[in-house]
Participant: 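Handing you this structure, nothing more for now.
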Amino acid sequence: MIKILFTALMGAVLFFIVLSFWRCVRHTGKVAKSIRKILGASFVTVAAHTATVWSPTLEVALISYAFYFLGLTWLTVFILGFCKRYTETKFCGKPVINTIYVVTIAFSALFFVNIFKPIIFSVYTIPFASGMFFVISPTPVFFVHLSMGLAFYAYSMIILIAKIRQTTPFFRIRYYSPLFLLLLIVISSFVYGILRIPLNFSIIISALYAGFFYYELVTFVPRRLKHRTIGRIVDGLKNGIILCDSEGKCIYLNSFVRTIFSCTKDTVLRVPVINSYLEFKKAIAVSNTDSLIQEFDFEKDDVHYALKFSDYVINENDVVIGWYILIEDITSEKKQIYEQKILRTRDNLTKVYNKEFFIEKVEHRLKFDRFTPYYLIVTDLVNFKLINDLYGKSVGDDILMRIADSFRRFCSPDDLYGRLYNDHFVMLVPKRHFHEEAWLAAFQKNMSYMNNMSYTVIGHMGIYEIDDFTTPVSVMCDRAILALKTIKNDYRNCFAYYDDTLRNEVLKMQMLMNELPKALQFGEVVIYLQPQFTKDLKVVGAEALVRWQHPERGVIPPADFITIIEKINIISDVDKYVWECACKKLSDWKKIGREDLYISVNISPKDFYTLDLYEVLTGLVKKYGISPSRLNLEITETAVIMDLQNQVKLLDKLRDFGFLVEMDDFGSGYSSLNMLKDISVDVLKIDMGFLQKSQNDKKSRLILEKIIVLAKELGMKVVTEGVENVHQIDFLSEFGCDLFQGFYFSRPIPVSDFEERYFK
């Protein structure tokens, strides 16, 4: 009975060895190869020992025991080889390995010789458990073999122990299991030797050792290490992970989650924010929609997080076995979004709303609040450019930032404010919050530090009361700025309101702006001529001035539409139109024998940049067949001061062609004398306006005299414009002035009136 039970047990062990060998065949590599060798030796050992139990004769028992010890011998060698390869140690050098193989092969040969001559052991029978069993009687050579086997086991354990000492604690699990099994084999072998029973149950441990190596070291240990490694990696992430099974029970969470929520696997799903998110996800599942938001943001200890239901975990059969939640630290993203919003919505210097975002905010406010009376207020500083010139841009920037700080401190939560451009700020204020005295006091208090610089900063406010919520906000700003302009040079009044008078002016300007392009097209814009005389009252020429002959409003003076021309950027088109009218008229005069007259035309500053002046002007005189000396070109110092070098070259080129160049409004600028040094002109036009208030003063006479003398010495003719009485003609003639122009002689008149009056 004992033999049958033992055989059944050995059969099970053999089946386990065969199954392990078959599964191990699928793996490649040196470790798997070593395990297959151990499994093969184990199979021979177990099968041979089973044969010894059922040996019928002494000869069969000798053969069975020979294979049994042969398998044990190679098992110890293969275990040693496995330990060397598994630990990748260099503890065993090639000479040692070669010696081990030589000794093992020698003993293998002796076991086969022992079948015929008992060199290592002999066999005899003993009774055991109601049966007869063959057992060995060892010789001294057997104990040498036994010592060799134990040495191999000891060598293997030393290799494992050395590797354990060299390895970090995290990875030592790889070597604890084989070391423990080796100790168990040695101990069981000693017990078998002491008990001296015919049935060696210790070989079961040896056989299981190989199978265990496959399942433990090739499968389970790497898997545990992978899980532990992944766990360590996941624990080191700066994001949180919560893994749940298909029933919703938490089976894993990393240290990030444990730290921020102070929770465990059992309590994490009870954290309020996690629980709220899960309830939200259940609602999505019930509604069966993907349109709802898939993230849930929250803030904890000034750190922003995002909860994301990443995905379900599905097995190879597409069955959901779990799901997980990611918790990401999105503080940097939030900060970046905020900074981008600041860049998009804030003024770079003052950090208040920029123009575009202020308009957007006001539009939103007025869309949903049409019952609160509001003021839209635009502010600016008087002579802010002068502050930058006197004290530098840094002081100017400091003033602008102080103004922005005033808004932050003084404005209520219902107020909106921003910066339009330069020193212009804008506010939307409920009418009930605005009190002139309070705002003025706050501004003066904030700017009081400038008193130490002996400069008083004066602020102006243009105020538009919003009465039509459909008006574009940009138009509201324009109306407030229009009110602001009415007190531009007023140092006593700081507040100006947009009223009906300004409204009418705006409507008038808008109407003219719409009609002006058509007026050019239909010839409503014409030239008037203001004659120029010698001191003998002889007319020698005229200045061409533009007028608009409106079919309904009559003649519109240039003061009413020149700003419109500049605003809609057609000043160069108008100038070209005037030049062509002048050239055509000179051509008509040439045909009737009045080639002695000239016409002076104005060249605007923009013409230098938007037109090819040389080509246009020379083309016109060629087209109408007139002398270029009959078309005088009037320039101002502001027309050339921005690009002096290139403009001087252009003027010299025009003069070489035959045009006469006049410097208009001499004395009205700041650098007129300096301009005379750089620019060659033929005619100097003196503006009488800058001396009108003191025309009887000796200083006036002295200044005019010196200017005229200077012009003469530079080879220029002198024209004085703005002459209003005979007294001015007398003393100007005395100083040497050549020509005169002004209301004393004639106002600008239509061309037909000029011809009728002076051609007779």
Participant: Taking only residues two or more places apart in sequence, or in another chain, which ones meet D575 in a salt bridge (Lys or Arg N to Asp or Glu O under 4.0 Å)?
Facilitator: none
Participant: So, for D423 and L381, which heavy atoms are closest and what is the spacing to 0.1 Å?
Facilitator: OD2-N, 2.9 Å
Participant: Students often mix this up, so state it plainly: with edges at 30° and 60°, are the rings of F357 and Y353 parallel, tilted or perpendicular?
Facilitator: perpendicular
Participant: Among residues at least two apart in sequence or on other chains, which ones pass salt bridge (Lys or Arg N to Asp or Glu O under 4.0 Å) with K585?
Facilitator: D588, E755
Participant: Side chains of residues 403-413: which donor-acceptor pairs under 3.5 Å do they make with residues two or more places apart or in other chains?
Facilitator:
residue	atom	partner	partner atom	Å
D405	OD1	R408	NH1	2.6
S406	OG	R402	O	3.0
S406	OG	N446	ND2	2.5
R408	NH2	T350	O	2.4
R409	NH2	N446	OD1	2.9
S412	OG	D414	N	3.4
S412	OG	D415	OD1	3.3
S412	OG	D415	OD2	3.2
S412	OG	H433	ND1	3.2

Participant: List the residues meeting salt bridge (Lys or Arg N to Asp or Glu O under 4.0 Å) with E662, not counting sequence neighbours, and say none if there are none.
Facilitator: none
Participant: Over all heavy atoms of both residues, which pair between Q549 and Y528 is shortest? Give the atoms and the distance, please.
Facilitator: NE2-OH, 3.8 Å
Participant: Show every salt bridge (Lys or Arg N to Asp or Glu O under 4.0 Å) that has at least one partner inside residues 461-470, sequence neighbours left out.
Facilitator: K431-E465, D467-R503
Participant: For K393, give me all partners under salt bridge (Lys or Arg N to Asp or Glu O under 4.0 Å), at least two apart in sequence or on another chain.
Facilitator: D397
Participant: Got N348 and N354 here, is their nearest side-chain heavy-atom distance under 4.5 Å?
Facilitator: no
Participant: For a quick test of reading the model, state the closest non-hydrogen atom pair linking T471 to Y464 and the distance between them.
Facilitator: OG1-OH, 4.4 Å
Participant: Looking only at heavy atoms, which two atoms of A480 and V378 are closest? And how far apart?
Facilitator: CB-CG2, 3.6 Å
Participant: Considering all heavy atoms of both residues, which atom of A544 and which atom of N602 are nearest to each other, and what is their separation?
Facilitator: O-ND2, 3.8 Å
